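The block underneath contains the structure these notes are about, expressed in structure tokens.
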2 protein chains.
Amino acid sequence: MTRKRFDDLGCSVACALNEVGDWWSLLVIKQAMLGTRRFVDFQNGLGIAKNILCDRLSRLVDNGVMTRVNVGEHGTRYEYRLTDKGRDLFTVVVALRQWSERWNGNKDDMQLVDRSSGEPLAQVVVQNADGEVLTVRDVLFVDENGQPLEQAG
Amino acid sequence: MTRKRFDDLGCSVACALNEVGDWWSLLVIKQAMLGTRRFVDFQNGLGIAKNILCDRLSRLVDNGVMTRVNVGEHGTRYEYRLTDKGRDLFTVVVALRQWSERWNGNKDDMQLVDRSSGEPLAQVVVQNADGEVLTVRDVLFVDENGQPLEQAG
DNA sequence: GGAAAAGGTTGCATTAAGAAACCAAATCAA
DNA sequence: TTGATTTGGTTTCTTAATGCAACCTTTTCC
């Protein structure tokens, strides 16, 4: 019984989860955003088993989220760096962080601030084209013909 | 060897992933945002095994993301509805959707539009207090003493 | 040159996931 | 009212994933 694939589910969210939806991937990405580049530093920073880390890093590389760069003089010192695609997950990571802080309190040792001002960030929100904040009740899911689907709260 | 717990990792992202970080939870939540409330409808809509759906729903209920409401006359007709905490994951779901669409193309049968205007939504972004858009390079991770940590891209 | 570090791989035990069968209560059709 | 079907599960079995520890090779440090 191989694990269910999500990329043929006709859903972009499922497709995203297929790439970064397991327990560790987003934490590896968050660690990379924090500055970590070396295998051992990921291992120590996350407390992840080496074989799992191997698997996650190579999967992230395969999916174009990270790259493996050879930085050794003679061959076997590597760095794992975020690609543009990986860095673009910043929104997701921050949204998850803020959600957790709103509902579970701040469990984090560290804080995220604007580099130039030192001030905390604004809350990540969903907006319409005019910049108005939208909740799930303010949107419609429409099919390819523009027909709206039922929606709930 | 029980799966690693993330809620004692000193990280809000890890704490969030501990609640909704497995393969199915966010899809169940997205399905609920789409209007699904009944057990069978989740099952048909997602193609998930019943025992896994049972487990995920009850875990989401335990974590306060959904509630189980008895809607039957005599006892065993249930609806699973999002709580405020669950609805608040809208930002995360939309951010994931949009990321996937930006990098993998739109794999989705349906589209998300502003209910009042019918227009597509704006891209979810991270902003500072002044409303300026920030990337991961524009932020600093600081510890509890305000000391900045190294950061990369 | 010897020791340690980096980046893995392998083997084993435990847990989770998926499919299918089964089941009891409630509802629906006749 | 009876019988079938739906709903919301639970159980069993097989396969896959996770975690830990040991090991291994190349490279760097002293």
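Values below: all heavy atoms of this structure, side chains included; hydrogens, waters and symmetry mates excluded. In what follows, chains are A, B, ... by sequence order, proteins preceding strands, each numbered from 1. All of these numbers come straight from a predicted model, not from anything done at the bench.
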Residues clustered with B:V125, ILVMFWY side-chain links under 4.5 angstrom | B:V133
So, A:N44 side chain and A:V40 main chain: donor-acceptor pair closer than 3.5 Å or not?
-> yes
Any side-chain N or O of A:R68 less than 4.0 Å from the OP1 or OP2 oxygen of C:dG8?
-> yes
For A:W23 and for A:Y80, find the nucleotide of DNA chain C with the closest heavy atom, then tell me which residue's nucleotide is more 5'.
-> A:Y80
Toward the 5' end of DNA chain D, which comes first, A:G47 or B:D41, by nearest nucleotide?
-> B:D41
Given atom CD of A:Q43 and atom C1' of D:dG19, what is their separation to the nearest angstrom?
-> 12 Å
Got a sec, which residues hit salt bridge (charged side-chain N to carboxylate O under 4.0 Å, His left out) with B:D84, two or more places apart in sequence or on another chain?
-> B:R87
Would you list the pairs meeting salt bridge (charged side-chain N to carboxylate O under 4.0 Å, His left out) in which at least one residue belongs to residues 10-23 of chain A, sequence neighbours left out?
-> A:E19-A:K85, A:D22-A:R56
With sugar-phosphate meaning primed atoms plus P, OP1 and OP2, does B:W24 contact a base, only sugar-phosphate, or nothing at under 4.0 Å between heavy atoms?
-> sugar-phosphate
Give the ring-plane orientation class for A:Y80 versus A:F39, where under 30° counts as parallel, over 60° as perpendicular and anything between as tilted.
-> tilted
Inter-axis angle, terminal five-pair segments of the helix from C:dG1-D:dC30 to C:dA30-D:dT1 [nearest 10°] = 30°
Got a list of protein N/O to nucleotides 9-12 of chain C N/O distances below 3.5 Å?
from   : atom 1 : to    : atom 2 : distance (Å)
C:dG11 : O6     : A:N51 : ND2    : 3.4

Looking only at D:dT18, D:dC20, C:dG7, the nucleotide nearest the A:R38 side chain is C:dG7
Measure from CG on A:L53 to C1' on D:dT18 and round the result to the nearest Å.
-> 13 Å
Starting at the 5' end of DNA chain C and moving along, which residue's nearest nucleotide shows up first, B:V71 or A:L57?
-> A:L57
Can you tell me how far P of C:dT15 sits from CZ of B:R3, to the nearest Å?
-> 13 Å
For DNA chain D, which residues in residues 12-22 of chain A have a heavy atom at a distance below 4.0 Å?
-> none
Shortest non-hydrogen separation from B:I48 to B:F42 and the atoms involved | CG2-O, 4.2 Å
What is the distance, rounded to the nearest whole Å, between atom CZ of A:R37 and atom P of C:dA6?
-> 16 Å
Roughly how many Å is it from CZ in A:R77 to P in C:dA4, rounded to a whole number?
-> 16 Å
Residue pairs passing the ring pair (Phe, Tyr, Trp, His ring centres under 6.0 Å) test where at least one lies in residues 5-24 of chain A, sequence neighbours excluded = A:F6-B:W24, A:W24-B:F6
Residues two or more places apart in sequence or in another chain: which of them pass side chain to side chain contact (heavy atoms under 4.5 Å, CB included) with B:Q147?
-> B:D143, B:N145
Under 4.0 Å: is that the gap between some side-chain N or O of A:R56 and OP1 or OP2 of D:dT18?
-> yes
Classify the nucleic acid contact of A:F42 as base, sugar-phosphate or nothing, counting any heavy atom under 4.0 Å across all strands shown.
-> nothing
A:R102 meets the side chain to side chain donor-acceptor pair (under 3.5 Å) criterion, sequence neighbours left out, with A:Q123, B:D88
Could you check A:I52 against B:E79 and say which one's nearest nucleotide on DNA chain D is further toward the 5' end?
-> B:E79
Name all residues meeting the side chain to side chain donor-acceptor pair (under 3.5 Å) criterion together with A:S58; count only those two or more places apart in sequence or in a different chain, and write none if there are none.
-> none
Using the test side chain to side chain donor-acceptor pair (under 3.5 Å), find all partners of A:Q31 that sit at least two apart in sequence or belong to another chain.
-> A:T36
Name every donor-acceptor pair, under 3.5 Å, that has one atom in a side chain of residues 60-69 of chain A and the other anywhere in the protein, sequence neighbours excluded.
from  : atom 1 : to    : atom 2 : distance (Å)
A:N63 : ND2    : A:R59 : O      : 3.4
A:T67 : OG1    : A:R81 : O      : 3.4

